[in-house]
Undergrad: 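Structure in C-alpha cells, see below.
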2 protein chains.
Amino acid sequence: MNVTIADIAKATGLAKSTISGALNNKSGFSEKTRRRVLAAAEELGYVPNEIARGLSSKSTGSIGLIIKDITNPFYNHITKGVQEIAGEHGYTVFLCSSGEEHQAEINHIQAMVRKRVDGLIIAPLLEEVTFDHFFELKEQNVPFVLLGKIQGLSCDTYEFDDYDGGRQVTEHLLSMGHTRICFVRGPKTSKAAKLRYSAFINTLKSHGIEADERYVFQNANGIADGMAVGKQIAAMPDRPTAVICFDDVIAIGVIKAVMEAGLQVPEDLSIIGFDDIEVNTFPLTTVSIPTYEAGKALAWTLFDRILQRRTSGFQHITFEQKLIERASVRQLYNK
Amino acid sequence: MNVTIADIAKATGLAKSTISGALNNKSGFSEKTRRRVLAAAEELGYVPNEIARGLSSKSTGSIGLIIKDITNPFYNHITKGVQEIAGEHGYTVFLCSSGEEHQAEINHIQAMVRKRVDGLIIAPLLEEVTFDHFFELKEQNVPFVLLGKIQGLSCDTYEFDDYDGGRQVTEHLLSMGHTRICFVRGPKTSKAAKLRYSAFINTLKSHGIEADERYVFQNANGIADGMAVGKQIAAMPDRPTAVICFDDVIAIGVIKAVMEAGLQVPEDLSIIGFDDIEVNTFPLTTVSIPTYEAGKALAWTLFDRILQRRTSGFQHITFEQKLIERASVRQLYNK
DNA sequence: TTGTATGCGTTATCAC
DNA sequence: GTGATAACGCATACAA
C-alpha cells in the first residue's frame, strides 16, 4: 500500500541506493537519473518514511519540549520561541506538559527517550522533588537544555534572575510606602517561587521589616487559586496594603476576586505580578521576563549540541528581569 | 552504546524473539524467563526503541495536532484537552502551529505524514485557501479529525456554531439599543469570522438595519491588531456605540487602546468578544465556547478511528456557543 | 555514475 | 515455551 524506495527502484529500473541518494540530493548522480527518480517518486506518490530513516540514520528530526503548564502565557511564549527555531532546522516538536507533577515529568522524559528524540528542552520541577531521572537522562546521551539549574548536573542551562525580580518588586513596594505586604507563592515545586520569596523576606529585613506570616499564601497555581486567595485577602480584618503574586495569572485572579468583593485596585489594595503577560487590560505593575527570547535561545543551544556545532563546556545563561511600573501600585502616604 | 534486545538476548542466553515477547507481556512465556528478561533489561539499562518498534509494527504511538496560534488561549485549551486524552492512551503529541499561513499548514501536515503519526487533529484554514493537501492526506490513509468542515471531504468533524454565536451577539446588542455597531473580523482565512460576520449582517437586516461599511475592520489577528483597531475607533468622528470583536484577544486589544485614548467601556463604547477566556480581569460580555471539551472530543474520535473501535460512517458534531452577559455592554436609551 | 550487501532495533511468522 | 528468520524502509560502505 505504501510506496517505498523499492517501488520506485522497480519502476525506474534503478537500484534502491540510487533512489535514496538521488532523493537526498547526495552528490554523484547524473542530472538525468535524478530527474527520473524525482519524477517517478512524484508519480507514485512517494512519501519518505522518517521512521525508517530515523532507525537507519540515528536521527529522528524531532525534539521534545517539556513545560509545566500549557495554558499559561509564560510557557506559550517559550513554546513559540522553541517551535520557531525548531522549524528553521526542519525539526518537529513533541510538546509535553508536566502540570507541575513529578511523576508526569519523569514519564514524559522517558517517553521522549524511547521515541529517540534528538534532544530535549525541559522546564523542570526544582523544589521538593528528586532528580534521579535527570542523571539517568544524562547517561543516556541525549542532548538536553534546562530552564533552571540542577545541583551537580552538568548541562546547558538558562535561568531568569528570580531573586533579583523578587528584590525589585519588594523595593518598589517599600519605596511606595508599603510595609504590610502579602506574598502569594507559586507552586511548591517552583524554585522561582522560592527565590522570589526569599528575596522578599531578605529585602524586607534589610529595611528592618519582619514579614508577617499571616500574609503569605502557599502553593497557589493558576487563576482559580488566585481568586481563592483574593477572596481571603479581601476578607481579612487587617488587610495588607499590597500583594505580590507569583505570576500575572494569579495576580489577575486576585484582582478579579478582590474587585468582586468591592475593593478597588490600587486604591484599596496594590498588586504586583510577574511575567508581563500581554493579553490583559488591567494596568498591572509587573516584572517582564523575556520568555520568547528564552525559548529561542534554549532551542539554539540545543541545536548547537545536536548538530555538534559546539562541543565545548556547558553554558549557564541568566536573563534579567525588569520591573514594569504601571498603575496597580498606589503611593502610600501614611504608613 | 545503546543496549538493544540483542544485548539482553546475549546476556540471558535467550533468543531475541523471546526477549521481545516477554518484554511486551505476550502470552506463552514462563514466569521464570519473563522475570529473567525483565531483570536483565533493568540491569543493562535497556530503553525500548520506539522508532524501531514503529517501523516494524506500523504504529508510532504519536499523533499530530495542528493548530493556528500557540499563544491564543482558545487553542491552548483545545491542546490541553487533546493532550489529556492522548496521554490516557499512552500517546505523545507533535504540536504544530500554522500561524494562519496556508503553506505552513501544508508543510506541517506533510511533515506529520512523513513521521508516520498514527493520526492527525487539524484546525484548518477554511477561507481563501485550497484544500488539495487534505484530499491528498485522505488518500494517504492516515486517520484525521478536523475542527471545521471541508466541502467534499469525508472525515470526522467538529464545529462550533459560529453563525449562531454571531446572531446571539448581534441580537443582544440590538436589544440593548445599539445600532451603530462596529464589527472586527478575524483572520481572512477564518470561516468562523466569515460566519459570524454574515450572521451579523443578516440579523441586522432582519431588524431593518443596514450595516455601515466604515464600521467593519478586516483581517484582525492578535492583540496588536486589536489595539490598532481600537485606536482607529476611538478617533472616529461618528464613533459607533458598540463593537463586536472576532475573539477576546482582539477585544482586549480594543479595550486597551480605547481606554488609553481616554474612553470608558462600556460608558463610551460597548464591546463584545468571543471565546470567554478566563485569564482576564475585564468583565467582558462574550460568547463561551467549549474548547477544552472539544479538544477531548476531537482526540476521542481520533482514537476511535486509530484503534478501529468505530468503523462506521463519519460523524459531524456541532458545539453550541453561548452568550455570557457581563458588563462591557451598556444599555442605550436614546438611539 | 550506479548496483550490492548489510545494518538499524523491533515485531511477527513460523518451525521446533 | 522457545528459537531461527524474515520483514519493516531506509542509509551507507563498498564494489563494480
Side-chain angles (χ1 to χ4, degrees), chain A residues 1-38 40-41 44-62 90 111 113-118 140-142, chain B residues 1-38 40-41 44-62 90 111 113-118 140-142:
Chain A
M1 172 131 289
N2 239 308
V3 20
T4 73
I5 55 171
D7 297 323
I8 119 157
K10 207 168 297 170
T12 56
L14 295 167
K16 289 200 315 186
S17 58
T18 308
I19 310 300
S20 174
L23 245 29
N24 291 306
N25 276 316
K26 300 261 159 161
S27 61
F29 294 90
S30 70
E31 201 42 47
K32 202 179 117 195
T33 48
R34 194 185 301 278
R35 249 202 300 279
R36 189 144 65 104
V37 169
L38 256 34
L44 297 178
Y46 171 71
V47 178
N49 185 328
E50 296 278 354
I51 294 297
R53 185 199 293 260
L55 183 58
S56 163
S57 70
K58 307 302 224 173
S59 161
T60 55
S62 28
V113 175
R114 286 197 298 270
K115 300 245 165 164
R116 296 297 191 269
V117 291
D118 291 350
Q140 282 164 151
N141 283 314
V142 6
Chain B
M1 173 129 289
N2 240 308
V3 20
T4 73
I5 54 171
D7 297 322
I8 118 157
K10 208 169 297 168
T12 56
L14 295 167
K16 289 199 313 183
S17 52
T18 308
I19 310 301
S20 174
L23 247 29
N24 291 306
N25 277 317
K26 301 258 160 161
S27 61
F29 293 91
S30 70
E31 201 43 47
K32 203 180 114 193
T33 49
R34 195 186 299 279
R35 249 202 300 278
R36 189 145 64 103
V37 169
L38 255 35
L44 297 177
Y46 170 72
V47 178
N49 185 328
E50 297 278 355
I51 294 299
R53 185 199 291 260
L55 182 58
S56 168
S57 71
K58 306 306 225 170
S59 161
T60 55
S62 27
V113 175
R114 286 196 299 270
K115 300 243 166 165
R116 296 296 191 270
V117 290
D118 291 350
Q140 282 163 151
N141 282 314
V142 7

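Residue numbers start from 1 in every chain, and the chains themselves are labelled A, B, ... in the order their sequence lines are given, proteins ahead of strands.
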Undergrad: Do the side-chain N or O atoms of A:Thr33 get closer than 4.0 angstrom to the phosphate oxygens (OP1, OP2) of C:dT2?
TA: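 Checking A:Thr33 against C:dT2: at least one side-chain N or O falls below 4.0 Å of OP1 or OP2.
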
Undergrad: When you measure from the side chain of A:Asn24, which nucleotide among C:dT10, C:dG3, D:dA11 comes out closest?
TA: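 Closest nucleotide among those given: D:dA11.
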
Undergrad: A:Ile8 CD1 to C:dT2 P: how many Å, rounded?
TA: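 After rounding, the gap between these two atoms is 13 Å.
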
Undergrad: Using a heavy-atom cut-off of 4.0 Å across all strands, would you classify A:Lys26 as base, sugar-phosphate, or nothing?
TA: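 Sugar-phosphate, backbone atoms only, no base.
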
Undergrad: In this structure, how many angstroms lie between the P atom of C:dG3 and the CD1 atom of A:Ile5, rounded?
TA: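 Atom-to-atom, A:Ile5 to C:dG3, this comes out as 13 Å.
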
Undergrad: Respond yes when some side-chain nitrogen or oxygen of A:Ser17 is under 4.0 Å from OP1 or OP2 of C:dA5, and no when none is.
TA: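 For C:dA5, OP1/OP2 do not have a side-chain N/O of A:Ser17 under 4.0 Å.
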
Undergrad: Are side-chain heavy atoms of B:Leu55 and B:Arg116 found at a separation under 4.5 Å?
TA: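 No, side chains not in contact.
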
Undergrad: Considering only side-chain heavy atoms of B:Thr4, which listed nucleotide, C:dT2, C:dG9, D:dG1, is closest?
TA: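 Of all the options, the side chain of B:Thr4 is nearest to C:dG9.
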
Undergrad: Atom CG of B:Leu23 to atom P of C:dT10: distance rounded to whole Å?
TA: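 Nearest whole value for this atom pair: 9 Å.
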
Undergrad: Which part of the nucleic acid, if any, lies within reach of B:Leu14 when heavy atoms closer than 4.0 Å are counted: base, sugar-phosphate only, or nothing?
TA: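 Sugar-phosphate, backbone atoms only, no base.
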
Undergrad: Does B:Ser20 have a side-chain nitrogen or oxygen under 4.0 Å from the phosphate oxygens OP1 or OP2 of C:dT11?
TA: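 Yes, B:Ser20 has a side-chain N/O under 4.0 Å of OP1/OP2 on C:dT11.
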
Undergrad: I need the CD1-C1' distance between B:Ile19 and C:dA12, as an integer number of Å.
TA: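 B:Ile19 atom CD1 is separated from C:dA12 atom C1' by 16 Å.
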
Undergrad: Can you figure out which of C:dT11, D:dT2, D:dC10 approaches the side chain of B:Phe29 most closely?
TA: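 Closest of the options to the side chain of B:Phe29: D:dT2.
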
Undergrad: Hey, is A:Glu50 close enough to B:Lys115 for a salt bridge, meaning N to O under 4.0 Å?
TA: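 The answer is no: the pair does not qualify as a salt bridge.
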
Undergrad: Are B:Asn25 and B:Arg34 close enough, and set up right, to give a side-chain contact (heavy atoms from CB on, under 4.5 Å), and what steps lead you there?
TA: CA-CA 8 Å; B:Asn25 277 317; B:Arg34 195 186 299 279; 3.4 Å; yes

Undergrad: Within this structure, what is the CG-to-P distance between A:Asn25 and D:dC10, rounded to whole angstrom?
TA: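 Between P of D:dC10 and CG of A:Asn25: 16 Å.
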
Undergrad: Does a side-chain heavy-atom distance below 4.5 Å link A:Leu44 with A:Lys10?
TA: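 Not touching, per the 4.5 Å side-chain cut-off.
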
Undergrad: So if I take every side-chain heavy atom of A:Asn49 and compare against D:dC10, D:dG3, D:dT12, which nucleotide ends up nearest?
TA: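 Within the option list, the nearest is D:dC10.
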
Undergrad: Heavy atoms only, 4.0 Å cut-off, all strands: where does B:Lys16 land among base, sugar-phosphate and nothing?
TA: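 Since a base atom lies under 4.0 Å of B:Lys16, the category is base.
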
Undergrad: Identify which nucleotide among C:dT2, C:dT4, D:dT2 has an atom closest to any side-chain atom of A:Ala15, counting heavy atoms from C-beta outward.
TA: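 That would be C:dT4.
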
Undergrad: Does B:Ala41 have any side chain to side chain contact (heavy atoms under 4.5 Å, CB included) partners at least two apart in sequence or in another chain, and if so, which?
TA: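 B:Ile8, B:Leu23, B:Tyr46.
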
Undergrad: Reckon A:Ser57 has a side-chain N or O less than 4.0 Å from the OP1 or OP2 of D:dA11?
TA: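 No, outside the criterion.
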
Undergrad: Do A:Ser56 and C:dG7 share a donor-acceptor pair, side chain to base, under 3.5 Å?
TA: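 Result: at least one qualifying N/O pair found.
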
Undergrad: By nearest atom, which of the nucleotides C:dA5, C:dC8, D:dG3 is closest to the A:Leu55 side chain?
TA: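 The answer is C:dC8, which lies nearest to the side chain.
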
Undergrad: By nearest atom, which of the nucleotides D:dA4, D:dA11, C:dT11 is closest to the B:Arg53 side chain?
TA: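 Looking only at side-chain atoms, B:Arg53 lies closest to C:dT11.
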
